[in-house]
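What follows is a single structure, written as structure tokens, with notes after it.
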Amino acid sequence: MFKPVGSRVSFPQIEEAILSFWQKGDIFKRSVAARQGGPGFMLYDGPPTVNGSPALHHVFMSVFKDVIPRYKTMKGFYAPRIAGWDTHGLPVELEIEKQLGFSSKTQIEQYGIDRFNEMCRKSVYKYLAEFDEILRRVGYWVDFDNAYITLSPEYIESCWWAIRQMWDKGLVYQGYRVTPHCPRCGTSLSSHEVAQGYKENTEDPSVYIKFKVTAKSLAKLHVDKPVYLLAWTTTPWTLPGNTALAVAPDAEYVLLKGEKDYLILAASLVATLKLDGYTAEDKIIGKSLSGTKYQPLFNPHDFGVERRMFVTEGKLQVQKPVKKLEYRVICGEFVTLDEGTGIVHIAPAFGEVDFEAGKEWELDFVQPVDLQGKMIGTYSFAGKFVKDADPIILDDLASRGLLLRREIVKHTYPFCWRCETPLLYYAKTTWYIRTTAVKDRLLSGNEEINWYPEHIKYGRFGDWLANNIDWAFSRERYWGTPLPVWRCEKCGAFECVGGLDELKGKPGLTNLKEPHDLHRPYVDEITFACSKCGSRMKRVPDVIDCWFDSGAMPFAQNHYPFENKLMMEDGSFPADFICEAVDQTRGWFYSLHAISILLFDRPCFKNVICLGHILDAKGEKMSKRKGNVVYPQDVVKKYGADALRWYLYTASAPGNPRQFDAKQVDEVSRSFLSTLWNVYSFFVMYANIDKHEPSSEPFTPPEAELDRWILSELNQLIADVDTLLTDYNLTDSGRKIESFVDGLSNWYVRRSRRRFWKSENDDDKLSAYNTL
Ligand SMILES: [Zn+2]
Ligand SMILES: [Zn+2]
């Protein structure tokens, strides 16, 4: 007798019962263990950052990650898989700063790094419990009990080992150069973080500034009025740092005569500027302008930071200038004539091109902005945040007749990916990983990876690798894996520590307390003796990019190489499959790939599904601020996890952005799950009336055409789904199953009903039962 089922059913209730059956019977672990000895299949679980409650996109990724290893398990593969949690970095710190109402690093330090980090830790564990709950609820089969967690001392130690490996190969260095810097967070960011924070249509000033040529330089121009070099910028706050103007050496410039003065700009851009009252007086070739001196817009000594940049023996030196500062025209191949005036304002303290020009031309270096993004000195804009200083600087220039034109431009500008503060490109000291040293291998390694959708391989990801720059990976922050580099107070030598035992073996070691908490501020107190001069070594206070943590998971999840030494042989490296959202091409996919190539000279994943973003029903990004966030718990409570999962698999191709509407989940529940359920319910009802007992013997092939048809459909379905899932195509597999269920219900059962209704139990009825 089958257990009677009604046509009214609560899928969420059935799921709860199944979940408790799984839990009591330890079904997931047994499903893995039962395949031991079979061919291996490895999933790497990309760790979600646990800085807030789990959102719909976390469920989206988890259910996609879930299907492939389950399928492989059904095919006899041994597929152990463990969950992971990303617990460090700016996302977590910012959450705590919000709670405490902090807006600067000074407040954190006054509050105490120990207390601050303790709050970070607590917050992580709180959200982690929520993640654990919802991901179990939607039936994500991974080992949650042994999940890896990036804040554990073991995990940190594996990261230290990795950094030390790179250090020994000369791939870690400290560089003084222009780095994207978040003035609010007070830290450098890497290019992959910057890539995640661009905002289109950002409004900025677009201004034309007049730089007055000095009397001495005028001599060769034969003029009777003041002459100005006209330059264009969208960042007026960089103007106090100006120390040069660059022209295109081979372009034609023009001297325009006006009523009161002369202007110099590129000939080809005169028309676009529509300068009334000016007429062309003379033509000048770019390179003949080189060396022309002009007066600074502001008194550089007011900012106090003046140096001259020069390179000796390939090394950049930045020193106090011996002579007075010099403002002159230089030539630059980077000067284009697409927009502006053909004269580029150069402030070596900001921007990569400017900085490089500073090195090449031994320019003066004036830094008018501090690390909080505030203007320094005594001008009226002093103390203001750079973007707020813009209008004041422009008013000042206008009052002195140095502002020709003031407009607004809409362009794309980078913002901090966490706190949304506009980023500054700022010359400073940062620690780098020399990823450019393995750029060719990063590219050739990508050839070995299968991407779904395919276009990511040479598109988003391939482009990203082709334009690789060194990884700025130190963060002047608090809650993160500490940079394992110590510096001698006396001779300045650096030492990189690759593990706890190594640290314990250091001569003169102090303050390593048990049990080990490797976080700040405890790790900052650990000192040892310099191997060169015997003086005290103190840790460089930086922590590292949290993307390094997550990218280190292939080995750090198993505390390699301190444990699990056989990683390379036992099938746990590389992964057969990973799956995350498409923005991870510049996040986790990149950090995984870069670290793996740097350490092991081979890629660490073979197949990757990139999922599109989830938008709200109207196609807008979900955000707490807009109040349009859909919480997965609510959807699951109402429609069940299966309906949500099925909708996510089948509604659209995984790579496309999708507009999420809970009504569509309801629709899936009705059209697919309920249909299947009704077929089952029909079967059970009649099987019980007829006391039908299914036999374990193979049944005789049916005679009825309808039976043969549906069995043929079924076998075709099995073959199709098998092929599709082998090719990581979940959406078409799901859709095939849907269309089969539709045929089963609307053709097979509808056409066969009478066969179940008849009173005699003949062969035809038996065949119908057996088939269904
Ligand atoms: Zn920030
Ligand atoms: Zn020393």
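First listed ligand is number 1; within each ligand, the first listed atom is number 1.
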Taking the cut-offs as 6.0 angstrom to the six-membered ring centre and 45 degrees off its axis, would you call Arg177 and Tyr432 a cation-pi pair?
yes
Side chains of [X] and [Y]: donor-acceptor distance under 3.5 Å anywhere?
| X | Y | result |
| --- | --- | --- |
| His345 | Asn242 | yes |
| His192 | Ser591 | no |
| Ser188 | Lys428 | yes |

Identified side chain to side chain donor-acceptor pair (under 3.5 Å) counterpart of Glu525 within the set Arg520, Lys513, Arg539
Lys513
Note, the Zn ion (ligand 1) has protein N, O or S atoms under 2.8 Å numbering 4
What do you get for the angle at the Zn ion (ligand 2) between SG on Cys530 and SG on Cys491, to the nearest 10 degrees?
110°
Check the orientation of His88 and Trp479. Use parallel for under 30°, tilted for 30 to 60°, and perpendicular for over 60°.
perpendicular
